[in-house]
Amino acid sequence: MAAAEQCLLSAQWRPVSLTHVEYPAGDIYGQLLAYLSLGPVFLLISFLTLIIFKRELHTISFLLGLVVNEGVNWSIKNIVREPRPCEGTHATVTTEYGLPSSHSQFMWFFSVYSFLFLYLRMHQTNNARFLDLLWRHVLSLCLLTVAFLVSYSRVYLVYHSWSQVVYGGVTGSVLAIAWFVITQEVLTPLFPRIAAWPISEFFLIRDTSLIPNILWFEYTVTRAEARNRQRKLGTKLQ
């Protein structure tokens, strides 16, 4: 669909319930993409939930990186000041500038950082090498696919041009690599000291950076503790 034809649909846009994202009325594909474009919102809610329940320093650092990424996006937008395509199409946009796309930059930051975390941070601790690599490959493919679909949705829904989402994706990817290096080389050595602070102990903030595979560690520890408690319970009932 040409940009001129998209602009003509400005009077037929319908918002997703309780959000500012709009899609062409009657367009099921556009409605699906509108929900996909809410990915950054869902991810932020998931991060806050994870931090509340896990209270792990690396997760907090990841969220801090996303905040820095958003700050860089806001700065670039207000320096470049490139308008969105078809100005006036959407009455609910939060900013008139479109370069780079914040949704694209957010999703590619998240996907690239997660990709680096999966392959460089998490290490194998058991013998299921094939299965371990398989789930990493599948998860990485899903992350990259979602990042692309969210970026595409911003073009399809006439919030950004292709160049704006491409610049957003490149910026987010570069920042993700930079933040991963900063986290591994600068912040991670400080985590044990931060975890030992009285305020960290009060809020039960922990450092798991020395544990190569936190999923496997939590699984084995939880299973061992559950079996131990089951044995004690069985002894008491005898």
Margin query: Is the distance from the ring center of Y159 to that of H103 below 6.0 Å?
Written below: no
Item checked: Side-chain touch T208/H58, heavy atoms, less than 4.5 angstrom -> no
Margin query: A side-chain contact here means heavy atoms from C-beta on lying under 4.5 Å apart; do P85 and Q164 qualify?
Written below: yes
Shared hydrophobic cluster, [X] / [Y] (ILVMFWY, side-chain heavy atoms < 4.5 Å):
| X | Y | answer |
| --- | --- | --- |
| Y219 | L50 | no |
| I28 | V150 | no |
| F117 | I51 | yes |
| L64 | V181 | no |
| V146 | V155 | yes |

Heavy-atom pair of closest approach, residues [X] and [Y]:
| X | Y | value |
| --- | --- | --- |
| A196 | E201 | O-OE2, 3.5 Å |
| A195 | D207 | CB-CB, 4.0 Å |
| S101 | R154 | OG-CG, 4.2 Å |

Checklist line | Residue pairs passing the salt bridge (charged side-chain N to carboxylate O under 4.0 Å, His left out) test where at least one lies in residues 62-80, sequence neighbours excluded | finding: none
Next item on the list: Quick one: sort the F110 and F47 rings into parallel, tilted or perpendicular, breaks at 30° and 60°.
Entry: perpendicular
Check: Where do V112 and F109 land on the side-chain contact (heavy atoms from CB on, under 4.5 Å) test, with the steps shown first?
Finding: CA-CA 5 Å; V112 171; F109 181 101; over 6 Å; no
Checklist line | Evaluation steps, side-chain contact (heavy atoms from CB on, under 4.5 Å), between W135 and L118 | finding: CA-CA 10 Å; W135 81 262; L118 286 171; 3.6 Å; yes
Does [X] reach the main-chain N or O of [Y] with its side chain, forming a donor-acceptor pair under 3.5 Å?
| X | Y | answer |
| --- | --- | --- |
| R55 | L204 | no |
| S111 | W108 | no |
| N69 | A176 | no |
| T220 | F217 | yes |

Next item on the list: Tell me, please, which residues at least two apart from R206 pass salt bridge (Lys or Arg N to Asp or Glu O under 4.0 Å).
Entry: E218
Check: What pairs with E185 under salt bridge (Lys or Arg N to Asp or Glu O under 4.0 Å), at least two apart in sequence or on another chain?
Finding: none
Next item on the list: List, by chain and then residue number, the residues other than F53 in its hydrophobic cluster (Ile/Leu/Val/Met/Phe/Trp/Tyr, side-chain heavy atoms under 4.5 Å); write none if there are no others.
Entry: I52
Euclidean distance, [Y] [atom2] relative to [X] [atom1], rounded to 0.5 Å:
| X | Y | atom1 | atom2 | answer |
| --- | --- | --- | --- | --- |
| S151 | Q105 | OG | CD | 10.5 Å |
| S114 | L143 | OG | CG | 5.0 Å |
| L149 | Y156 | CG | OH | 13.0 Å |
| L66 | N73 | CG | CG | 12.0 Å |
| L144 | L139 | CG | CG | 9.5 Å |

Checklist line | S209 and its side-chain contact (heavy atoms from CB on, under 4.5 Å) partner, picked from T188, L57, L190 | finding: T188
With sequence neighbours excluded, tell me which residues meet ring pair (Phe, Tyr, Trp, His ring centres under 6.0 Å) with [X].
| X | value |
| --- | --- |
| F115 | Y119 |
| F180 | Y113 |
| F148 | none |

Name all residues meeting the side chain to side chain contact (heavy atoms under 4.5 Å, CB included) criterion together with [X]; count only those two or more places apart in sequence or in a different chain, and write none if there are none.
| X | value |
| --- | --- |
| V186 | I182 |
| W197 | R193, I194, I199, S200 |
| L48 | L63 |

What donor-acceptor contacts under 3.5 angstrom involve side-chain atoms of residues 29-46, with partners at least two apart or in another chain?
unit_1 : atom_1 : unit_2 : atom_2 : d
S37    : OG     : A34    : O      : 2.6
S46    : OG     : F42    : O      : 2.8

Note to self: Test side-chain contact (heavy atoms from CB on, under 4.5 Å) on W74 and S102; report intermediate values, then the result.
What the structure shows: CA-CA 8 Å; W74 182 88; S102 59; over 6 Å; no
Note to self: By the side chain to side chain donor-acceptor pair (under 3.5 Å) test, which pairs, at least two apart or in different chains, include something from residues 166-179?
What the structure shows: W179-T183
